[in-house]
Amino acid sequence: MGKIHPGLSSSSSSSSSSSSSSSSSSSSSSSSSSSPTPSSSFEKITFTVWMKSLVLRGNGLTVYNSEGQVVYRIDNYDTKCSHEVCLMDLHGKVLCTLIERNMVGMLKHWDGYKYDDRSKKAWFEVRKIWKHFGGDHFACIVKMGSCDHRVAVDAQSCWYRMEGSAEKSEFKIIDEQGSVVAEVKRKQSDSGVMLGDDVLSLVVEPRFDHSFIASLLAVFGLITHKI
């Protein structure tokens, strides 16, 4: 269950780090090999996304690392576009709970809670802000619940922007300085063949919390009715 479907496998876009002679680097390498899901990385990381659940006939999504291991998943079972979904790791530990809010007189939005702790302020909030009439382009504002909620090692924005195309299954996540911190697009095989529209490539810039980016990917799936 932890390995990627053969049809989705591909090599990572980033090369492996050269080994260091220092004992501290050796210890860090050992820790990394024992945990395939680091919360962030000092390198750009490419994931493969399958916009389907591992559960038979279920709805959701599955995220694989470059080694073909499942690192994040959402299983909606027989419900599509659920009003509440949980981003989990391979073993079923909840990393983020997403809840759709639909308040009277306001556009609906999604609140993301760290793990499943709703006793505290939401980790982030996503609001759809506009869409071209007759088109499929979309944009959302991601407002952090607090600027103290760090999702980057050496920088922190109080808000981010998601924008892209639902039809093309692609979007970017941009910080308040205008820098792209993650990008999703259709995945190509090593030979250049475009894979199905439910197989995506997710590239995350260095030092960003992967679970945060994966949570926004899930919101994209909910907004576009893909999960």
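The figures here come from the full heavy-atom set of this structure, side chains too, leaving out hydrogens, waters and symmetry mates.
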Residues forming a side-chain hydrogen bond (donor to acceptor under 3.5 Å, both in side chains) with [X], sequence neighbours excluded:
X	result
Arg101	Asp111, Tyr113
Glu84	Arg118
Ser179	none
Thr97	Asp116

Pair Asp75, Met88 - check side-chain contact (heavy atoms from CB on, under 4.5 Å), show working.
CA-CA 9 Å; Asp75 300 318; Met88 302 177 288; 3.7 Å; yes

Under 4.5 Å between any side-chain heavy atoms of [X] and [Y], yes or no?
X	Y	result
Met162	Leu216	yes
Ile45	His210	yes
Trp110	Ile223	yes
Ile173	Ile213	yes
Cys96	Trp123	yes
Leu200	Met51	yes
Leu217	Val219	no

Closest non-hydrogen atom pair, [X] against [Y]:
X	Y	value
Arg73	His91	NH2-C, 4.0 Å
Lys128	Cys140	CA-SG, 3.8 Å
Leu61	Ala218	CD2-CA, 3.9 Å
Lys114	Ser211	NZ-OG, 4.1 Å

Can you sort out the partners of Phe220 under ring pair (Phe, Tyr, Trp, His ring centres under 6.0 Å), two or more places apart, ordered by chain and number?
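Counting only residues at least two positions away or on another chain, Phe220 forms a ring pair (Phe, Tyr, Trp, His ring centres under 6.0 Å) with Phe138, Phe171.
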
Who pairs with Lys143 by side chain to side chain contact (heavy atoms under 4.5 Å, CB included), at least two apart in sequence or on another chain?
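Lys143: no side chain to side chain contact (heavy atoms under 4.5 Å, CB included) contacts found.
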
So, using side chain to side chain contact (heavy atoms under 4.5 Å, CB included) as the criterion, who are the partners of Lys120 when residues are at least two apart?
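By the side chain to side chain contact (heavy atoms under 4.5 Å, CB included) rule, Lys120 matches Asp117.
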
Roughly how far apart are [X] [atom1] and [Y] [atom2], rounded to 0.5 Å?
X	Y	atom1	atom2	value
Ile227	Asn76	CD1	CG	6.0 Å
Cys86	Ile99	SG	CD1	8.0 Å
Leu87	Ser215	CG	OG	4.5 Å
Glu100	His83	CD	NE2	5.5 Å
Ser41	Phe208	OG	CZ	13.0 Å
Leu202	Lys187	CG	NZ	10.0 Å

Tell me, with the steps shown, if Trp159 and Val142 meet side-chain contact (heavy atoms from CB on, under 4.5 Å).
CA-CA 5 Å; Trp159 60 267; Val142 182; over 6 Å; no

Please say yes or no: joined through hydrophobic side-chain contacts below 4.5 Å, possibly via intermediate residues, are Leu90 and Trp50 part of one cluster?
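Yes; tracing contacts between hydrophobic side chains, which count when under 4.5 Å, links both residues.
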
Would you say Val199 ends up clustered with Leu54 if hydrophobic residues are merged whenever their side chains have heavy atoms under 4.5 Å apart, either directly or through other cluster members?
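Looking at the clustering, Val199 is in the same group as Leu54.
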
Checking one residue: Val180. Which other hydrophobic residues are in its cluster under the side-chain 4.5 Å linking rule?
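When side chains under 4.5 Å apart are linked, the cluster holding Val180 also contains Ile174.
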
Do Val85 and Leu222 pass the side-chain contact (heavy atoms from CB on, under 4.5 Å) test, and can you show the C-alpha distance, the side-chain angles, and the key distance before you say yes or no?
CA-CA 9 Å; Val85 300; Leu222 293 167; 3.9 Å; yes

Yes or no on side-chain contact (heavy atoms from CB on, under 4.5 Å) for Tyr72 and Tyr64, after CA distance, side-chain angles and deciding distance?
CA-CA 7 Å; Tyr72 301 112; Tyr64 303 87; over 6 Å; no

With distance as the sole test, does [X] use its side chain to make a donor-acceptor pair with the main-chain N or O of [Y] at under 3.5 Å?
X	Y	answer
Gln188	Leu195	no
Ser165	Lys168	yes
Arg161	Asp175	no

For Lys52 and Thr62, does a side-chain donor sit closer than 3.5 Å to a side-chain acceptor?
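Checked: Lys52/Thr62 side chains show no N/O donor-acceptor pair below 3.5 Å.
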
Does the side chain of Ser169 pick up a donor-acceptor pair with the side chain of Asp197 at under 3.5 Å?
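No - no donor-acceptor pair under 3.5 Å links their side chains.
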
Please evaluate residues Asn59 and Ser53 with respect to the criterion side-chain hydrogen bond (donor to acceptor under 3.5 Å, both in side chains), reporting the C-alpha separation (whole Å), side-chain torsions for both, the decisive distance (0.1 Å), and the verdict.
CA-CA 5 Å; Asn59 296 289; Ser53 167; over 6 Å; no

Pair Arg207 + Glu205: basic N to acidic O under 4.0 Å
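A salt bridge is absent here (no side-chain N lies under 4.0 Å from a carboxylate O).
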
All salt bridge (Lys or Arg N to Asp or Glu O under 4.0 Å) counterparts of Glu183, not counting sequence neighbours
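For Glu183 there are no salt bridge (Lys or Arg N to Asp or Glu O under 4.0 Å) partners, ignoring immediate neighbours.
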
